[in-house]
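For reference, the structure is listed below as structure tokens.
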2 protein chains.
Amino acid sequence: MDKYVKELKSHKLKITSQRLDILSFLDENRVHPSADEIYKAIKINSPALSKTTIYNNIDVMVKNNIIKAFRFMDSNELRFDYKTTEHYHFICRKCKNIYDVDISLPYLEKFEHYKHKVEEFYGDYKGVCENCLNKKKQKKK
Amino acid sequence: MDKYVKELKSHKLKITSQRLDILSFLDENRVHPSADEIYKAIKINSPALSKTTIYNNIDVMVKNNIIKAFRFMDSNELRFDYKTTEHYHFICRKCKNIYDVDISLPYLEKFEHYKHKVEEFYGDYKGVCENCLNKKKQKKK
DNA sequence: TCTTAAATTGTAATTATTCCAAAACAACAA
DNA sequence: TTGTTGTTTTGGAATAATTACAATTTAAGA
Ligand SMILES: [Mn+2]
Ligand SMILES: [Mn+2]
Ligand SMILES: [Zn+2]
Ligand SMILES: [Zn+2]
């Protein structure tokens, strides 16, 4: 059985082509797309698709922890991620690519001397990516 | 000379009552308000105020590093901070209060083995604050 | 196959923010 | 102190992202 079908069933969500499309798009295109980008990409092969369906499903999938939502400090649109395990993001201010950052930091322990109960941490980095740095170097030559 | 006047002058920005109002509001109300909250608060005593003025000035002040802008992972509105030195935020999911987190974490060093050049880091915490935790305890009694 | 609750759709509404052009104003110089 | 000029303010309109809603369709179990 298809892994997306399995995933949806395990959360007692109905199997619809729209949901399968969203999941496979996110899985196969790890670019952290926005709702609109997901919509446009899927609509090509399924012209009847409604944007509300994208929002509805994104919503229910985030709530069921099937996908992850995040946004950057200065961006006004939510982005989505097939990868739900703990990781952070690095965005390049030149090419705008978003890279996964797979480091685990001692956020929660460091926070201990505060009396609040920490449940979630969110973090992201900004800078210039390796590719863009190299391009710059080559130009200088 | 007033400290807000001095601050604006040091960035060669014109002194206007709107700018002084925004600065003193942010300085005296460290609640990390949104643009709309700033607008509503100042409008009480200056009814002619336009929301565009708030956005314009917020913008120019952020660019001049006089104030800081940030947003939470799940919130759709930008929030503003009079405090511009490095710090992070903790938001309580019960009372929605936003607390400053004054710890310095080794974000940049840890990131070194990536080849990207990190210029900025943004992070926030979510959980239940001390006050809300105590309220819960008292109820149980 | 029948039933029904859940999902999808299109449109309208809302929210946050940006754009724009006219009027008002702060700062500097005469 | 007044005049000039470039900046700021204003209100209204435009845009972008998201949410609300009601009618229609559909997945899945009996
Ligand atoms: Mn990711
Ligand atoms: Mn703060
Ligand atoms: Zn890049
Ligand atoms: Zn609280």
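Sequence lines set the chain letters: A, B, ... in the order given, protein chains first and strands last, and positions in each chain run from 1. FYI, side chains are in, hydrogens and waters are out, and symmetry mates aren't considered; it's all heavy atoms of this structure.
- In this structure, the CD atom of A/Q18 is 9 Å from the P atom of D/dT26, given to the nearest Å.
- Under the 4.5 Å side-chain criterion, counting only non-hydrogen atoms from C-beta, A/H11 is in contact with A/I66.
- Side-chain rings of B/H89 and B/Y125 stay apart, their centers remaining 6.0 Å or farther from each other.
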Salt bridge (charged side-chain N to carboxylate O under 4.0 Å, His left out) between B/D27 and B/K3, worked out:
CA-CA 11 Å; B/D27 189 12; B/K3 68 170 171 170; 2.8 Å; yes
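- To the nearest 0.5 Å, atom CD of residue A/E86 and atom CZ of residue A/F121 are 9.0 Å apart.
- Contact of the A/E120 side chain with the B/R93 side chain is not registered, since no non-hydrogen atoms from C-beta on lie closer than 4.5 Å.
- Straight-line distance from the CZ atom of B/R71 to the P atom of C/dT15: 17 Å, rounded to whole Å.
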Nucleotide N/O of nucleotides 22-24 of chain C paired with protein N/O under 3.5 Å:
none

Contact list (N/O, under 3.5 angstrom) for nucleotides 18-20 of chain C vs protein:
unit_1, atom_1, unit_2, atom_2, d
C/dC19, N4, B/T52, OG1, 3.2

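- Within residues 29-41 of chain A, no residue places a heavy atom under 4.0 Å from DNA chain C.
- Within a 6.0 Å sphere centred on NZ of B/K83, heavy atoms belonging to other residues, nucleotides or ligands number more than 12.
- For the helix from C/dT1-D/dA30 to C/dA30-D/dT1, the rotation axes defined at the first and last 5 base pairs enclose an angle of 30°, given to the nearest 10°.
- Rounding to whole angstrom units, CD1 of residue A/I54 and C1' of D/dA17 are separated by 14 Å.
- Across residues 19-26 of chain B, not one residue has a non-hydrogen atom less than 4.0 Å from an atom of DNA chain C.
- The interatomic distance linking A/L8 (CG) with C/dA6 (P) rounds to 16 Å, in whole Å.
- Following rounding to the nearest Å, B/I58 (CD1) and C/dA16 (P) show an atom-to-atom distance of 13 Å.
- Atom pair A/L49:CG and D/dT25:P shows a separation of 17 Å (rounding to whole Å applied).
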Close N/O contacts between protein and nucleotides 28-30 of chain D (under 3.5 Å):
unit_1, atom_1, unit_2, atom_2, d
D/dA28, OP1, A/I15, N, 2.8

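- Rounded to whole Å, the distance from NZ on A/K43 to C1' on C/dT8 is 12 Å.
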